[in-house]
Amino acid sequence: MRFLENGIMPRSAQTPNPGPQTPKMQRTHHCNELRKDHLGQTVTLAGWVNNYRDLGGVRFIDLRDREGITQIVFHPESKDAHALAQKLRREDVIAITGKCIDREGGANPKLETGEIEVDATFAEVLADAANPPFIPDEAEKVGEETRLRYRYIDMRRARSLNILKTRHRVAKLMRDYYDEQGFYEIETPFLCRSTPEGARDFLVPSRLQAGEFYALPQSPQIFKQICMVGGVEKYFQIVRCFRDEDPRADRQAEFTQLDMEMSFVDQNDVITTNEGMIRQLWKEVAGVEIPNPIPHMTYAHAMEKYGSDRPDLRFGMQLLDVTDAVSKTDFKVFSGAIAAGGVVKAIRVPGGAKMSRKETDALAEFAKEFGAGGLPTTKIEGGKLATGIAKFMEPITDELIAATDAEDGDLLCFGVDAKPATVHRVLGELRVKLGHDLGLIKEGDWQWVWIVDFPMVEWDDKTKRWKSLHHPFTAPKPEDIDKLDSTDHGTIASIKSNAYDLVLNGSELGGGSIRIHRSDVQGKVFKLLGIDDEEAKAKFGFLLDALSYGAPPHGGIAFGLDRIVMHLCNTTNIRDVIAFPKTQNGADLMTEAPSPVDEAQKKELHLRTVVPQKAPAGS
RNA sequence: GGGGGCGUAGCUCAAUUGGUUAGAGCACCGGCCUGUCACGCCGGAGGUUGCGAGUUCGAAUCUCGUCGCCCUCGCCA
């Protein structure tokens, strides 16, 4: 079957023998197509009734399809069509045929087709609609719960369809880009082996192997590495990943990655290749030029100055080390933390002296959520310190003002803890909050940065183990490989890896690394992570085997497709960019998944469920 | 698992803070209307106030429990 460029079947291709389910009329144009050039043409349009205005004699409907809206007019002279129009209600699906005419009543500047209308001579109801719970035009005002339950109606509005279109274009541009660079798109399994590291797995019971389970992939990491061992050299995939953790505004348990991997490359090759993709994406979709190259920042610098490994560089307000200065005071909170190996840092809040006690208290409460004991503050007024811990800091006033570049009217917030990481976390979060609250962020600003030189591992106090910062397959920097044999805490903590994250406006868009391609090194890393030989063999034996049979040096990256689309569509809600998203309880309000299953189904899967008793309740 | 917010007609909201028969706009139904574009006018129907207990002469309102949705901490190699 041939289609015209606009996706509409030409009349010549229409089926010669339409059955009762087949519309009698095939559309010739979409609803955002007719202009004054078309005056006098007989056209057929189809779509949804967006609105109707029945003036008794003459009747109007706004006909909507995914491309736009065209006004249709029904005159009494076209008796059948006019009669049919009386019964039309919002969201009915109809087709009409008529002549494209100039508007008698004047143009409607709000519509792209506003200069014309179609005088309907024939009309057909393709499907009448039950009274909808809401109409697409109103969806912006409707609660999200209702919109999710009736996702297909929410989808009909221009904004939703535009997001879906943008998402499609993003995926298409990605595919084209990697294709041109010689990458193969390769599918990897969804039914996988559960791996010990990382997030909680979604499990799928095996029917054929009683009592055993598959896990849905958290990412195709191991498979793509094995593709490299298999000689693919350049792999990519747009792939669904699953992590059974609580969702957030920018996180779903089920999400999509652009995943890629390449052989015989170093970190720079991977960064350059992928930067090119991102650059093209932003140019094509957002019309924005990204700096070339995107600047790099070390993990250490990001933590020191921004308290985060995904710094938002759209505003300043850096973390300032005032440990030396404040160590000269008698303030026990500071001296105690410094004596215990901690640091004291400050952020200068421009104009923050205006804040009330209530407001600074709220900041302290905020800081406590991230592990702070409190949030010491002081204000600069008339060249002197005032309120808060001013009396303790008074002896070092000049030094403190010099160290922070503080001016009259500023507020200083201090982060203090025996653990520098806590100070960074608290002030990093506070910085971002204040940046938003104080309106320091320019709209339309895109601040890109690659974060590099990550530590390979960090010590987890809770489990008393080393944990991968990235994942267990990340290669240490070549000069640090010898340190893998060390037992010294400091030496191990100083191992850097060839890992990199791409950060946009304080949000991590993607991350990757050069991988370990030698089975002996991989074995050592597993050992360091507390995965002993036996477990490593049981859980990752196939990978170690694969690496032992000649693996090329390789590395790659994965981008969060959902987040990329969020940025391009200017939304902070990940559900906006997913066609059929889930709620915070992992429910799909439209299909009502998850649901109970039959006993017979469970039996087949060798399952018995134990559900905690709940008190009797309502709905 | 913790903290916070929300839940009243199909939708968006109100209800003088515990007091008559829970209201309005939109949508829906009926009628009128020949140039509207948020069409207009007249009329009508529509409620388990999420659910369940409790307090009270009386509960949308107060208490407890529970369910759902949103934000968030934990979690997310």
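Note on naming: letters A, B, ... go to the chains in the order of the sequence lines (proteins, then strands), and numbering restarts at 1 for each one.
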Roughly, in whole Å, what's the span from [atom1] in [X] to [atom2] in [N]?
{"X": "A:R149", "N": "B:rC67", "atom1": "CZ", "atom2": "C1'", "result": "12 Å"}
{"X": "A:N108", "N": "B:rG35", "atom1": "CG", "atom2": "P", "result": "17 Å"}
{"X": "A:E144", "N": "B:rC71", "atom1": "CD", "atom2": "C1'", "result": "11 Å"}
{"X": "A:E145", "N": "B:rC70", "atom1": "CD", "atom2": "P", "result": "7 Å"}
{"X": "A:K433", "N": "B:rU72", "atom1": "NZ", "atom2": "P", "result": "12 Å"}
{"X": "A:F74", "N": "B:rG35", "atom1": "CZ", "atom2": "P", "result": "17 Å"}
{"X": "A:N50", "N": "B:rA38", "atom1": "CG", "atom2": "P", "result": "12 Å"}
{"X": "A:D154", "N": "B:rU12", "atom1": "CG", "atom2": "P", "result": "12 Å"}

If I pick the [atom1] atom on [M] and the same atom on [N], what distance separates them, to the nearest angstrom?
{"N": "B:rG44", "M": "B:rA24", "atom1": "P", "value": "11 Å"}
{"N": "B:rG1", "M": "B:rC57", "atom1": "P", "value": "39 Å"}
{"N": "B:rA15", "M": "B:rU61", "atom1": "C1'", "value": "10 Å"}
{"N": "B:rG47", "M": "B:rG10", "atom1": "P", "value": "8 Å"}
{"N": "B:rG50", "M": "B:rU56", "atom1": "C1'", "value": "23 Å"}
{"N": "B:rU55", "M": "B:rA14", "atom1": "P", "value": "31 Å"}
{"N": "B:rG35", "M": "B:rC28", "atom1": "P", "value": "22 Å"}
{"N": "B:rC42", "M": "B:rA9", "atom1": "P", "value": "26 Å"}

Between A:R151 and A:D154, is the closest basic N to carboxylate O distance under 4.0 Å?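 Result for this pair is yes, salt bridge flagged.
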Under 4.0 angstrom, heavy atoms only, what part of the nucleic acid is [X] near: base, sugar-phosphate, or nothing?
{"X": "A:P133", "result": "sugar-phosphate"}
{"X": "A:R575", "result": "sugar-phosphate"}
{"X": "A:L469", "result": "sugar-phosphate"}
{"X": "A:Q584", "result": "base"}
{"X": "A:A587", "result": "sugar-phosphate"}
{"X": "A:S219", "result": "base"}

Base-pairing mate for [N] - Watson-Crick or G-U, with both contacts under 3.5 Å:
{"N": "B:rC75", "result": "none"}
{"N": "B:rU66", "result": "B:rG50"}
{"N": "B:rA14", "result": "none"}
{"N": "B:rC57", "result": "B:rG19"}
{"N": "B:rC39", "result": "none"}

Between the side chains of A:N131 and A:R89, does any donor sit under 3.5 Å from an acceptor?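 Looking only at side-chain atoms, A:R89 and A:N131 do not form any donor-acceptor pair under 3.5 Å.
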Could you verify whether a donor N or O on one side chain and an acceptor N or O on the other, from A:H554 and A:Q225, lie under 3.5 Å apart?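 The answer is yes; a qualifying pair exists.
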Partners passing salt bridge (Lys or Arg N to Asp or Glu O under 4.0 Å) against A:E359 (at least two apart in sequence or in another chain):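 For A:E359, no residue satisfies salt bridge (Lys or Arg N to Asp or Glu O under 4.0 Å) once neighbours in sequence are set aside.
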Mind checking salt bridge (Lys or Arg N to Asp or Glu O under 4.0 Å) for A:D309 and listing every partner two or more places apart, or none if nothing turns up?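 Checked A:D309 against salt bridge (Lys or Arg N to Asp or Glu O under 4.0 Å); zero matches.
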Applying ring-ring contact (aromatic ring centres under 6.0 Å, His included), name anything that partners [X], two or more places apart in sequence or on another chain.
{"X": "A:F122", "answer": "none"}
{"X": "A:H82", "answer": "none"}
{"X": "A:H567", "answer": "none"}
{"X": "A:F190", "answer": "A:F242"}

So, A:T571 side chain and A:V577 main chain: donor-acceptor pair closer than 3.5 Å or not?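 Not a single qualifying donor-acceptor pair exists.
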What nitrogen or oxygen pairs link the protein and nucleotides 73-76 of chain B at under 3.5 Å?
unit_1 : atom_1 : unit_2 : atom_2 : d
B:rC73 : OP2    : A:R248 : NE     : 3.1
B:rG74 : OP1    : A:R425 : NH1    : 3.0
B:rG74 : OP1    : A:R425 : NH2    : 2.8
B:rG74 : N7     : A:R248 : NH2    : 2.8
B:rG74 : O6     : A:D246 : OD2    : 3.4
B:rG74 : O6     : A:R248 : NH1    : 2.9
B:rG74 : O6     : A:R248 : NH2    : 3.0
B:rG74 : N1     : A:D246 : OD2    : 3.0
B:rC75 : OP1    : A:K462 : NZ     : 2.6
B:rC75 : O2'    : A:E245 : OE1    : 2.4
B:rC75 : O2'    : A:E245 : OE2    : 3.2
B:rC75 : O2     : A:R251 : NH2    : 3.1
B:rC75 : N3     : A:R251 : NH1    : 3.3
B:rC75 : N3     : A:R251 : NH2    : 2.9
B:rC75 : N4     : A:R248 : NH2    : 3.4
B:rC76 : O2     : A:R251 : NE     : 3.4
B:rC76 : O2     : A:R251 : NH1    : 2.7
B:rC76 : N3     : A:R251 : NH1    : 3.1

With a 4.0 Å cutoff (strictly under), does any side-chain N or O of A:K110 reach OP1 or OP2 of B:rA38?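 For A:K110, the contact criterion (side-chain N or O under 4.0 Å from OP1 or OP2 of B:rA38) is met.
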N/O (side chain, A:R53) to phosphate O (OP1/OP2, B:rC39) under 4.0 Å: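 For B:rC39, OP1/OP2 do have a side-chain N/O of A:R53 under 4.0 Å.
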Fit a plane to each ring of A:Y152 and A:Y150, take the angle between them on a 0 to 90° scale, and name the class: parallel (under 30°), tilted (30 to 60°) or perpendicular (over 60°).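 Rings of A:Y152 and A:Y150: perpendicular, as their planes differ by over 60°.
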Assign B:rU17 to syn or anti; the rule is syn for a glycosidic angle within 90° of 0 and anti otherwise.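 B:rU17: syn glycosidic orientation.
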Per-pair distances, 0.1 Å, donor-acceptor, side chain in residues 427-435 of chain A, under 3.5 Å, sequence neighbours excluded:
unit_1 : atom_1 : unit_2 : atom_2 : d
A:R431 : NE     : A:G316 : O      : 2.9
A:R431 : NE     : A:M317 : O      : 3.2
A:R431 : NH1    : A:D312 : O      : 3.3
A:R431 : NH2    : A:D312 : O      : 2.8
A:R431 : NH2    : A:F315 : O      : 2.6
A:R431 : NH2    : A:G316 : O      : 3.0
A:K433 : NZ     : A:D437 : OD2    : 3.2

Under a 4.0 Å heavy-atom criterion, the protein footprint on nucleotides 24-34 of chain B, written with B, S and -, is --SSSS---BB
A:F134 aromatic ring stacked with six-membered ring of B:rC11, 5.5 Å and 30°: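 A stacking contact does not exist, since A:F134 is not both close and nearly parallel to the base ring of B:rC11.
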Sorted by first residue and then second, give each salt bridge (Lys or Arg N to Asp or Glu O under 4.0 Å) pair with at least one member in residues 578-593 of chain A; sequence neighbours left out.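 Qualifying pairs: A:E254-A:K582.
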Mind running a 4.0 Å heavy-atom check of residues 114-123 of chain A against RNA chain B and sending the residues that fall below it, in number order?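 When residues 114-123 of chain A is checked for heavy atoms under 4.0 Å from RNA chain B, the hits, listed by number, are A:E117.
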I'd like a table of donor-acceptor pairs (distance under 3.5 Å, sequence neighbours excluded) in which one partner is a side-chain atom from residues 533-545 of chain A, with atom names and distances.
none

Here's a test of your reading of the structure: between A:L111 and A:T572, which maps to the more 5' nucleotide of RNA chain B?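 Its nucleotide being nearer the 5' end, the pick is A:L111.
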